[in-house]
Amino acid sequence: MGFRPAPGARGRSRERHADPARRRELGQRGRRGRAAVPRLGRRRPRAVRVRRAAARRGPSRRHVTGRSPTCANPGRLAVMERTLERIPPKSADLSEWYQAACYQAELVSQAPVRGCLVLRPYGYGLWERLQAELDRRFKETGHENAYFPLLIPESLLTREAEHVEGFAPEVAWVTEGGSEKLTERLAIRPTSEVIIGVMYAEWIQSYRDLPVLINQWANVMRWEKRTRPFLRTAEFLWQEGHTAHATEQEAAEEVARMLEVYREVAEDVCAVPVYKGEKSSSERFAGANHTYSIEALMPDGRALQSATSHELGQNFARAYDITFAAEDQTQQHAWTTSWGMSWRMLGALIMTHGDDRGLRIPPRMAPVEVVIVPIPRGDTTALDAAAKSLHEQCKAAGLRVRLDDRPGQSPGYKFNEWDMRGVPIRLELGNRDLEAGVVTLVRRDKAVKEDGQKQQVPLNEIVAFIPTMLEQIQHNLFAQAKTFLQDHTIATLDRDEFIRLLKERAGMIDVPWCGDPACEVAVKDATGATTRNLRQPARAERCVPCGEPARYQAYFAQSY
RNA sequence: CGGGAUGUAGCUCAGCUUGGUAGAGCGCUGCGUUUGGGACGCAGAAGUCGCAGGUUCGAAUCCUGUCAUCCCGACCA
């Protein structure tokens, strides 16, 4: 990715100008080699729109426009046409819509490092909300936070054979320190089972030391070939829980407990409905005995794994000597687990709820729950005071509120901007409202001019009214997403229909399945889809893809 | 890793075929008028044309190499 100065960062261009060395460095990387950042909702002049629309239609565009097509980047044209023509983006091209939404809402910026993401303040605000909700639940279930090193010596990493093999293609290595070549390479952690396992071996001596219940908030790195904001990035933020237990039963309970925490955060906080289940053997975490996941369904019919929880059995305990003296005087290996949710969950939230105007953030996740936009006209003395007072009252009530009193932008501009950024409630306050003693409340979850989008609320009731409205919005967004998931979950016992639905990317296709990896590969070759997760028992005797005896009920879908 | 495409102002792009003083719209800065769903006027700032070689009196433009990014595939606990 090329260097991309943050647009709108004041003084940035002067800074570049003043520093020739910096400029040279940037120049070598290429200043413009990066994705187009399409705009949402901003219309260009008609002539431009028409030309671009024509240009996209196909090979005949030369005749239509009289211009050579060779200079145009078709990808960029596609992006622009979509946003300009206001084709429903989520049905036309979710991927382009998604990238536009992320950049335009100022959640993220591309970094001058391949595959890495800059999380801007508004995006970090989302992440902080997710962190807060998860962290509270981790504490409630008895976990403590700790931090382990970023770097893992190669000799330690290679001890658990299956684990190494699984991650080998994605590991980034540190080979030099200062000017000296290292005698042993250091892996930048792709996950921390190894380094944590090594420490647990030191800490755990007796059954009295168990269970160990630790969570780590961290960044990890996986050398991905293709990246997209939040969904797949080389470096990403997540949390990883790592626990050690005396018995397999306890470890299994822990894994189930944390999977339920993830379901709750996804559904009740992010308003993203998910399916819980176990991963098939081919989708399992490298080195785990069982991997469980929550799976969400995106509007394009592809599934998104939103969190995982792993039963590691005694595999890591054996590889890293995590042993303890049991009550019966025997020396035993501990049973370990790990579980994680990353900022990918934010990607799920964005795609699930967004609409043609940009993001729609569920209130419980919104960095800004309420934005106040004053409508100045004539003498604004009284209005300014009223707006400030309203702002203070909201803050005092514990709301995450922002007063947008920027003088340079028109109210209409602000409406669109905050719509794009997904703020759940907008309060408009103008002289008309003041005279009537009301404030105009606008819900982001409703379409423009939809029934109930705007309503007048008496000024002296508004602060008490907002929490109720936020809850309504939260539930409405979840209900919409839930309906979509249900409408696109299709159970079938017919093999031809099964294949057809997967090819059409119709959603979560729910069928009895044998569990054989070869069967899964055959389905993937035919359709591009794999199992997302499984549960028991099967609802019929025969596996729908291959006809062998069925052991599971499986959701099949193409995935991100 | 394979196939395709693109690098010119903060953004989107024109200019390149046919070499000759670097362009537009949006954004940005200042002033004024405005403001209930993306306001308007005037003035202004801003780019060693991705990078390195080469050809030439002269290169954004022609040639070679290189780097980066995007799209499609492969890969992806």
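Residue numbers begin at 1 in each chain, while the letters A, B, ... track the order of the sequences.
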query: For the pair made of CD in A/Gln104 and P in B/U12, what is the distance, rounded to whole Å?
result: 10 Å
task: Tell which nucleotide pairs with B/G41, taking only Watson-Crick or G-U wobble pairs whose two distances are both under 3.5 angstrom.
output: B/C31
- request: Under 4.0 Å between any heavy atoms, over every strand shown, what does A/Gly166 touch: base, sugar-phosphate, or nothing? Just pick one.
  value: nothing
message: Side chains of A/Ser338 and A/Glu193 only: does a donor on one sit below 3.5 Å from an acceptor on the other?
response: yes
Atom pair distance, as rounded to whole Å: CZ in A/Arg432 and C1' in B/G37: 12 Å
- request: Pick the P atom in B/U6 and in B/U12, then give their distance to the nearest Å.
  value: 16 Å
- prompt: A/Glu170 versus A/Pro190: any side-chain heavy-atom pair under 4.5 Å?
  reply: no
query: Is A/Arg232 side chain donor-acceptor paired with the B/C76 base, going by distance under 3.5 Å alone?
result: yes
message: What I want to check is whether the side chains of A/Thr337 and A/Glu311 have a donor and an acceptor closer together than 3.5 Å.
response: no
query: Can you tell me how far P in B/G4 sits from the matching atom in B/U66, rounded to whole Å?
result: 16 Å
- prompt: To the nearest Å, how far apart are A/Tyr413 OH and B/C28 C1'?
  reply: 11 Å
query: Which value, in whole Å, describes the distance between the P atoms of nucleotides B/G44 and B/U61?
result: 31 Å
message: Under 4.0 Å, heavy atoms only, any strand: does A/Gln453 hit a base, just the sugar-phosphate, or nothing?
response: base
field: Interatomic distance at P, B/A9 relative to B/A60, whole Å
entry: 14 Å
query: So what does A/Val442 hit on the nucleic acid, given a heavy-atom distance under 4.0 Å: a base, only sugar-phosphate, or nothing?
result: base
- request: Just call it for A/Gln305: base, sugar-phosphate, or nothing, with non-hydrogen atoms closer than 4.0 Å on any strand.
  value: base
task: Could you tell me whether the side chain of A/Thr440 has a donor or acceptor atom within less than 3.5 Å of a complementary atom in the base of B/G36?
output: yes
field: A/Asp433 CG to B/U35 P, straight-line distance once rounded to whole Å
entry: 16 Å
query: Does B/C75 have a Watson-Crick or wobble mate here (both distances under 3.5 Å), and if so which one?
result: none
Atom pair distance, as rounded to whole Å: CG in A/Leu304 and C1' in B/C76: 13 Å
- prompt: Is there a donor and acceptor pair closer than 3.5 Å between the side chain of A/Lys454 and the base of B/G37?
  reply: yes
task: Please give the nucleotide sitting opposite B/A68 as a Watson-Crick or G-U wobble pair, both distances under 3.5 Å, or none.
output: B/U6
query: Just how far, in rounded Å, is C1' of B/G36 from CG of A/Asn416?
result: 13 Å
- prompt: Does the side chain of A/Arg189 come under 3.5 Å of the side chain of A/Thr191 through a donor N or O and an acceptor N or O?
  reply: no
field: Gap in Å between the two C1' atoms, one belonging to B/G23 and one to B/G15, rounded
entry: 7 Å
message: So, does A/Gln99 get its side chain near the phosphate of B/C71, meaning an N or O under 4.0 Å from OP1 or OP2?
response: yes
Whole angstrom value for the distance that separates P of B/A39 from CD1 of A/Ile375: 12 Å
message: Taking donor-acceptor contacts at under 3.5 Å, does the side chain of A/Asn431 reach the base of B/G36?
response: no
query: How far, in whole Å, is B/A39 from B/G47 if one measures between their C1' atoms?
result: 30 Å
task: May I ask which nucleotide in the shown strands pairs with B/C62, Watson-Crick or G-U wobble, both distances under 3.5 Å?
output: B/G54
- prompt: Can a donor-acceptor pair be found between the side chains of A/Ser192 and A/Glu240 at a distance below 3.5 Å?
  reply: yes
task: State whether A/Ser410 places a side-chain N or O below 4.0 Å from either non-bridging phosphate oxygen (OP1 or OP2) of B/A39.
output: yes
message: Using the P atom as the point on both nucleotides, what is the distance between B/U29 and B/A68, in whole Å?
response: 35 Å
query: Taking the same atom, C1', in B/A24 and in B/G30, what whole-Å distance lies between them?
result: 22 Å
- request: Indicate whether the side chain of A/Tyr560 and that of A/Asp300 have a donor and an acceptor atom separated by less than 3.5 Å.
  value: yes
- line: Of all heavy-atom pairs linking A/Ser293 and A/Thr308, the shortest is CB-CG2, 4.1 Å
query: RNA chain B: A/Val448 or A/Pro407, which has the more 5' nearest nucleotide?
result: A/Pro407
- request: Give a yes/no answer on whether the side chain of A/Arg377 brings an N or O atom under 4.0 Å of OP1 or OP2 in B/U35.
  value: yes
message: Rounded to whole Å, please give me the gap between CD in A/Glu417 and P in B/G37.
response: 16 Å
message: Regarding B/G37, can its base be found pairing with the side chain of A/Arg426 as donor and acceptor, where the two atoms are less than 3.5 Å apart?
response: yes
